[in-house]
Amino acid sequence: MSLVIAGKTLHNRLVLGTGKYKDFATMQACYRAAQVDMVTLAVRRFDLGAQGEDNILNWIPKDIALLPNTAGCYTREDALRVARLAREALQTDWLKLEVIGDPKSLYPDNEETLEAAKILVKEGFIVLPYVNADPILAKKLCDVGCAAVMPLGSAIGSGLGVQNPMTLLLIKEVLESYGLPMIVDAGVGTASDAALAMELGADGVLLNTAVAEAGEPTKMAQAMDLAVQAGRLAFEAGRMPRRLYASASSPLAGVVGRT
């Protein structure tokens with residue numbers, strides 16, 4: 001069940017975020033409930049210089065890897081600046097690259113994301129770009145050296161689930177040809193959404209709001225963990241073919257009275 005990205009092994013294919021939790025203690029409890037290996041951190045939204053319990057880093061267990069992100073950036077220049085600050089502050093080359101194109105829909109700006117990715121890869125970052133679901137863009141991101149591609153399932157924070165399954169299948173095909181993983185990021189609202197993303201062939205799922213805004217966040221975190229595991233197993237097993245007509249569960253051959 002392990003996932004390898006840029007030589008790093010993750011034993012859990014679920015990645016959680018850090019925003020919207022009612023407090024840091026709840027956030028930490030969700031990480032433990034979901035047994036995640038990695039969380040993504042919006043660098044510009046937290047005071048990493050805060051002291052004691054006011055510093056979010058003191059609530060993220062040391063055995064969980066950090067994936068800094070450039071959430072809230074609307075230009076490539078802004079994303080580059082935040083990425084470099086994250087590298088300096090957190091001592092990691094890993095980066096979830098986000099360049100948002102519209103403050104209402106929060107859809108990514110694919111063109112700016114691609115241009116920022118080119119620069120960051122050359123600077124030695126391990127870039128995981130968050131993008132609109134587009135197989136052509138996915139190929140271009142692979143060509144410039146990204147370590148994975150993270151297409152959205154639907155608008156971030158919407159909870160609408162996977163609205164673009166056929167497009168995700170096309171992206172998966174592109175990424176497989178490069179030997180790179182596809183991580184569905186954004187839109188997951190409940191456990192069945194995460195399972196569907198994995199059944200489609202996603203190598204991982206990144207989510208946050210579905211857990212943070214759940215009635216009981218720790219229960220939802222555990223549910224997401226189980227859903228990702230179940231979806232991956234179903235993908236690896238291979239589902240039965242769909243049929244227009246019924247097919248009896250028990251074969252008729254050899255039944256008494258039949259020839």
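Heavy atoms only: backbone and side chains are in, while hydrogens, waters and symmetry mates are out.
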Peer 1: Does the pair Asp23 and Thr26 meet the rule for a side-chain hydrogen bond (donor to acceptor under 3.5 Å, both in side chains), with working shown?
Peer 2: CA-CA 6 Å; Asp23 51 48; Thr26 299; 2.8 Å; yes
Peer 1: Can you name the nearest heavy-atom pair linking Asn164 to Ala133, along with the distance?
Peer 2: ND2-CB, 3.2 Å
Peer 1: Among pairs that include at least one residue of residues 55-67, which meet salt bridge (Lys or Arg N to Asp or Glu O under 4.0 Å), considering only residues two or more places apart or in two chains?
Peer 2: Arg32-Asp63
Peer 1: Could you note down all residue pairs passing side-chain hydrogen bond (donor to acceptor under 3.5 Å, both in side chains) where residues 233-244 supplies at least one of them, sequence neighbours left out?
Peer 2: Arg232-Glu236
Peer 1: Residues in side-chain contact (heavy atoms from CB on, under 4.5 Å) with Ala234, at least two apart?
Peer 2: Glu199
Peer 1: Does Glu53 have more than 12 heavy atoms from other residues, nucleotides or ligands lying within 6.0 Å of its CD?
Peer 2: no
Peer 1: Considering non-hydrogen atoms only, spot the tightest contact between Asn12 and Asp37 and give its length.
Peer 2: N-OD2, 2.8 Å
Peer 1: Do you know which two heavy atoms are closest between Ser2 and His11, and how far apart they sit?
Peer 2: OG-ND1, 3.2 Å
Peer 1: Looking at Ala210 and Met220, what are the two nearest heavy atoms and their distance?
Peer 2: O-CG, 3.4 Å
Peer 1: Can you check side chain to side chain contact (heavy atoms under 4.5 Å, CB included) on Met27 and Ile60, steps first, answer last?
Peer 2: CA-CA 8 Å; Met27 178 192 76; Ile60 300 175; 4.1 Å; yes
Peer 1: Side-chain heavy atoms under 4.5 Å apart, restricted to Ile/Leu/Val/Met/Phe/Trp/Tyr: what other residues fall into the cluster of Val99, or is it alone?
Peer 2: Leu80, Leu95, Leu97, Ile119, Leu120, Val121, Phe125, Val127
Peer 1: Which residue pairs satisfy the salt bridge (Lys or Arg N to Asp or Glu O under 4.0 Å) criterion with at least one member in residues 100-111, sequence neighbours excluded?
Peer 2: none
Peer 1: Using the rule that Ile, Leu, Val, Met, Phe, Trp and Tyr join whenever any side-chain heavy atoms are under 4.5 Å apart, tell me whether Phe235 and Val228 fall into a single cluster.
Peer 2: no
Peer 1: List the atom of Lys8, the atom of Ala65, and the distance in Å for their closest heavy-atom pair.
Peer 2: CE-CB, 3.5 Å
Peer 1: Got a sec, which hydrophobics cluster with Leu244, joining ILVMFWY side chains under 4.5 Å apart, including via others?
Peer 2: Tyr245
Peer 1: Is Leu10 isolated, or which residues cluster with it under the ILVMFWY side-chain rule of less than 4.5 Å, directly or via members?
Peer 2: Leu3, Ile5, Val15, Met38, Leu67, Trp94, Ile126, Leu128, Met150, Ile183, Leu206
Peer 1: Only pairs at least two apart or in different chains count here, so list each salt bridge (Lys or Arg N to Asp or Glu O under 4.0 Å) that has a residue in residues 180-194.
Peer 2: Lys96-Asp185
Peer 1: Kindly indicate whether the side chain of Ile56, heavy atoms from C-beta on, has any atom under 4.5 Å from the side chain of Leu41.
Peer 2: yes
Peer 1: Holding to salt bridge (Lys or Arg N to Asp or Glu O under 4.0 Å), I want the full list of residues that pass it with Asp54, two or more places apart in sequence or in another chain.
Peer 2: none
Peer 1: Side chain of Thr40, backbone of Leu16: donor and acceptor closer than 3.5 Å?
Peer 2: no
Peer 1: With a 4.5 Å cut-off on side-chain heavy-atom distances among I, L, V, M, F, W and Y, is there a chain of contacts connecting Leu196 to Leu226?
Peer 2: no
Peer 1: Would you please classify the geometry between the Tyr31 ring and the Tyr21 ring as parallel, tilted or perpendicular, with 30° and 60° separating the classes?
Peer 2: perpendicular
Peer 1: Less than 4.5 Å apart, side chain to side chain, heavy atoms only: is that true for Val188 and Met224?
Peer 2: yes
Peer 1: Find the distance between CG (Asn110) and CD1 (Ile136) and round it off to the nearest 0.5 Å.
Peer 2: 12.0 Å
Peer 1: Report yes or no: does Glu112 contribute a side-chain atom to a donor-acceptor pair with the main-chain N or O of Arg76 at less than 3.5 Å?
Peer 2: yes
Peer 1: Other than Tyr74, which residues form its hydrophobic cluster under the rule that side-chain heavy atoms must be closer than 4.5 Å?
Peer 2: Ile100, Leu106, Tyr107, Tyr130, Leu152, Ile156
Peer 1: Calculate, to the nearest 0.5 Å, the distance between atoms CH2 and OG1 belonging to Trp59 and Thr18 respectively.
Peer 2: 14.5 Å
Peer 1: If I take atom CG from residue Leu141 and atom CG from residue Leu180, how far apart are they, to the nearest 0.5 angstrom?
Peer 2: 10.5 Å
Peer 1: Could you pull out all donor-acceptor pairs under 3.5 Å where a side-chain atom in residues 165-176 meets a protein atom, sequence neighbours excluded?
Peer 2:
| residue | atom | partner | partner atom | Å |
| --- | --- | --- | --- | --- |
| Lys172 | NZ | Gly201 | O | 2.9 |
| Lys172 | NZ | Asp203 | OD1 | 3.2 |
| Lys172 | NZ | Asp203 | OD2 | 3.1 |

Peer 1: What is the minimum heavy-atom distance between Ala71 and Ala42, and which atoms define it?
Peer 2: CB-CB, 4.0 Å
Peer 1: Would Leu137 and Val149 count as a side chain to side chain contact (heavy atoms under 4.5 Å, CB included) here? Give the steps.
Peer 2: CA-CA 10 Å; Leu137 175 66; Val149 177; over 6 Å; no
Peer 1: Suppose the criterion is salt bridge (Lys or Arg N to Asp or Glu O under 4.0 Å): which pairs have a residue in residues 140-165, not counting sequence neighbours?
Peer 2: Lys139-Asp143
Peer 1: Is there a path of hydrophobic side-chain contacts, each under 4.5 Å between heavy atoms, that joins Leu233 and Val184?
Peer 2: no
Peer 1: Atom CE in Met198, atom CG in Leu200: separation rounded to 0.5 Å?
Peer 2: 10.0 Å
Peer 1: Keeping Thr70 on the side-chain end and Cys73 on the backbone end, is there a donor-acceptor pair under 3.5 Å?
Peer 2: no
Peer 1: Could you check whether any side-chain heavy atom of Asn208 comes within less than 4.5 Å of a side-chain heavy atom of Val211, counting everything from C-beta outward?
Peer 2: no
Peer 1: Considering residues, nucleotides and ligands other than Glu123, do more than 12 of their heavy atoms fall under 6.0 Å from its CD?
Peer 2: yes
Peer 1: May I ask you to test the Asp93-Arg87 pair for a side-chain heavy-atom distance under 4.5 Å?
Peer 2: yes
